[in-house]
There are 2 protein chains.
Amino acid sequence: MTDKQLNILMAAMKLFASKGFDGTSTNAIATEAGVSEGLIFKHFKNKEGLLEAIINYGMEKSSVYFAEVILISDPQKRIEKAIALPFSIDPNDNQFWKLMYALKWQRGEYQSGPFELFRESLIDAFDQLGYENPELETTMIEVIIDGVATQILLKNTDAAPLLETILKKYSLK
Amino acid sequence: MTDKQLNILMAAMKLFASKGFDGTSTNAIATEAGVSEGLIFKHFKNKEGLLEAIINYGMEKSSVYFAEVILISDPQKRIEKAIALPFSIDPNDNQFWKLMYALKWQRGEYQSGPFELFRESLIDAFDQLGYENPELETTMIEVIIDGVATQILLKNTDAAPLLETILKKYSLK
DNA sequence: ATTAAAAGTGAGTGATCACTTACAAATGTA
DNA sequence: TACATTTGTAAGTGATCACTCACTTTTAAT
């Protein structure tokens with residue numbers, strides 16, 4: 001990936017996250033990236049392709065953290081680590097996750113993939129622990145993760161005490 | 001409000017919720033509403049004014065439910081009712097809340113108002129119950145509400161068992 | 001040094017955007 | 001009936017949109 005290619009990617013991520021995909025013009029991206037507008041299309045084919053490149057780039061960076069959770073064999077620890085996930089979002093990745101959550105509501109197509117494996121590994125964990133309804137418990141974890149992500153990304157709530165409260169409340173401390 | 005005015009409002013809500021504000025053209029709204037494009041601007045001044053009208057309309061309908069929670073004097077019951085809120089979203093209002101949640105991520109300006117009063121009434125409730133950190137507990141409730149709303153609006157999860165699980169987990173049964 | 005490919009530019013392109021305007025139909029009131 | 005106001009339309013408007021194209025510069029391998 002060229003310097004300018006990365007410039008475009010970062011500029012687009014910033015603008016898509018703050019103004020939305022449709023609210024951002026390729027002209028604005030080019031200006032923010034310090035590049036001619038034509039270059040965007042040379043490298044990413046079209047605006048949609050640029051969005052896909054951003055998501056691939058961000059998910060590749062993030063998939064490590066998902067894998068870390070999935071690979072924990074102790075079910076209790078796996079669940080705890082899953083809950084802790086949104087609390088450990090690298091502030092450098094805030095824009096990426098804001099974009100991902102914004103896309104959730106109007107472009108569900110970018111929601112599949114790594115998330116399904118993640119979900120199944122949680123169902124498995126609750127199953128191992130003998131819970132009556134592992135799917136339901138997993139949905140609860142997803143509720144927590146989405147809710148916490150909303151708080152942290154949108155209202156920059158102080159993460160540490162919130163995490164402690166959750167783990168205590170869930171008798172997972 | 002005229003028939004056609006309401007047509008425009010509903011058509012715009014539907015399209016804004018599914019394609020986003022910037023992803024929806026006034027031409028598309030007029031077509032969906034079965035109305036000439038000019039009429040939109042006669043009634044709502046501009047596209048932004050139409051969005052505001054939708055939000056006013058939706059919040060006026062919904063404020064009843066928030067008020068119902070706030071007016072409960074028993075603190076325990078008030079908290080329970082607050083948690084139950086996203087579970088009792090009228091399916092007819094799904095589009096409105098999808099729009100509200102989508103706007104959260106790129107247009108925070110539509111987030112204030114009734115929500116603040118709601119938050120304070122929860123802090124008060126936890127305070128009355130002698131909790132150590134009422135603000136933190138209230139944030140937790142907001143986490144739950146946002147997470148549940150995401151599940152229900154986006155993945156149409158079955159609401160009933162999830163509500164029961166949450167109330168149990170929160171020892172609020 | 002030659003040269004072909006890749007990176008990069010800037011001035012276009014038609015299409016679509018939000019919005020206006022001139023005018024007609026409907027409505028309410030005297 | 002007369003007439004002023006409101007409701008509605010259709011054909012525009014300039015601006016901006018995503019994208020293309022002809023062209024130059026840079027890079028890198030022989």
Side-chain angles (χ1 to χ4, degrees), chain A residues 1-58 95-96 99-100 102-103 105-110, chain B residues 1-58 95-96 99-100 102-103 105-110:
Chain A
M1 181 128 50
T2 315
D3 271 8
K4 303 214 166 180
Q5 234 167 0
L6 200 63
N7 280 354
I8 294 170
L9 210 77
M10 299 313 259
M13 193 189 304
K14 174 181 169 185
L15 292 171
F16 286 167
S18 60
K19 314 234 192 200
F21 179 77
D22 291 309
T24 302
S25 67
T26 49
N27 172 35
I29 295 169
T31 302
E32 172 82 24
V35 148
S36 72
E37 202 177 345
L39 193 59
I40 293 176
F41 299 91
K42 268 266 157 66
H43 284 314
F44 301 99
K45 189 178 177 193
N46 54 30
K47 203 183 167 188
E48 191 74 31
L50 176 53
L51 177 60
E52 280 169 25
I54 290 169
I55 291 172
N56 288 340
Y57 178 82
Q95 276 169 358
F96 172 68
L99 175 57
M100 289 299 282
L103 287 174
W105 293 93
Q106 262 127 29
R107 322 263 303 236
E109 68 259 30
Y110 292 113
Chain B
M1 181 128 51
T2 315
D3 271 8
K4 301 213 168 180
Q5 236 169 22
L6 199 64
N7 279 355
I8 294 170
L9 210 78
M10 298 313 260
M13 193 189 303
K14 174 181 168 184
L15 292 171
F16 286 167
S18 60
K19 314 235 193 201
F21 179 76
D22 291 310
T24 303
S25 68
T26 49
N27 172 36
I29 296 169
T31 302
E32 173 81 25
V35 150
S36 72
E37 200 177 346
L39 194 58
I40 294 175
F41 298 92
K42 269 268 157 67
H43 283 313
F44 302 98
K45 188 179 177 191
N46 54 32
K47 202 184 169 189
E48 191 75 29
L50 176 53
L51 177 60
E52 280 169 26
I54 290 169
I55 291 172
N56 288 340
Y57 179 82
Q95 275 169 356
F96 172 69
L99 174 57
M100 289 298 283
L103 287 173
W105 293 93
Q106 260 127 28
R107 322 262 306 235
E109 68 259 31
Y110 292 114

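Reminder, nothing fancy here: chain letters follow the sequence lines and each chain counts from 1.
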**Prompt:** Can you check whether B:His43 has a side-chain N or O nearer than 4.0 Å to OP1 or OP2 of D:dG8?
**Reply:** yes

**Request:** Provide, to the nearest angstrom, the distance between the CG atom belonging to B:Asp3 and the C1' atom belonging to D:dT7.
**Result:** 12 Å

**Asked** Which nucleotide in the set C:dG8, D:dT7, D:dA18 lies at the smallest distance from any side-chain heavy atom of A:Leu39?
**Response** C:dG8

**Item:** Whole-Å distance separating the CD1 atom of B:Ile29 from the P atom of C:dC19
**Value:** 10 Å

**Message:** Tell me the interatomic distance from A:Phe44, atom CZ, to C:dA7, atom C1', rounded to whole angstroms.
**Reply:** 13 Å

**Integer-rounded Å distance: C:dA7 C1' and A:Gln5 CD** = 9 Å

**Message:** Below the 4.0 Å mark, does D:dC17 have OP1 or OP2 next to a side-chain nitrogen or oxygen of A:Lys47?
**Reply:** no

**Gap between atoms CG and P, on B:Leu50 and C:dC17 respectively (whole Å)** = 15 Å

**Complete:** d(A:Ile40 CD1, A:Lys4 NZ) to nearest 0.5 Å is 12.5 Å

**Request:** Using a strict cut-off of less than 4.0 Å between a Lys/Arg side-chain nitrogen and an Asp/Glu carboxylate oxygen, indicate whether B:Glu48 and B:Arg107 qualify as a salt bridge.
**Result:** yes

**Item:** Of the listed nucleotides D:dT9, C:dA18, C:dT9, the one nearest the side chain of B:Ser25
**Value:** C:dA18

**Complete:** Here the distance between atom P of D:dG12 and atom CG of B:Asn27, to the nearest Å, is 16 Å

**Complete:** Separation of C:dG8 atom P from A:Met1 atom CE, nearest Å, is 13 Å

**Asked** Is any side-chain heavy atom of A:Asp22 less than 4.5 Å from a side-chain heavy atom of B:Phe21?
**Response** no

**Request:** Select one nucleotide: of C:dC17, C:dC19, C:dT9, the one nearest the side-chain heavy atoms of B:Glu37.
**Result:** C:dC19

**Prompt:** Could you state the NZ-C1' distance from B:Lys45 to C:dT21, rounded to the nearest angstrom?
**Reply:** 17 Å

**Message:** Quick check on D:dG8: is either OP1 or OP2 less than 4.0 Å from any side-chain nitrogen or oxygen of B:Ser36?
**Reply:** no

**Prompt:** Can you tell me if A:Gln106 uses its side chain to pair, donor with acceptor, with the backbone of B:Leu99 under 3.5 Å?
**Reply:** no

**Asked** Do you know which two heavy atoms are closest between A:Thr2 and A:His43, and how far apart they sit?
**Response** OG1-CE1, 4.5 Å

**Message:** Given C:dA7, D:dC19, C:dC19, identify the nucleotide with an atom nearest to the side chain of B:Asn46.
**Reply:** C:dC19

**Asked** Under 4.0 Å: is that the gap between some side-chain N or O of A:Lys42 and OP1 or OP2 of C:dG8?
**Response** no

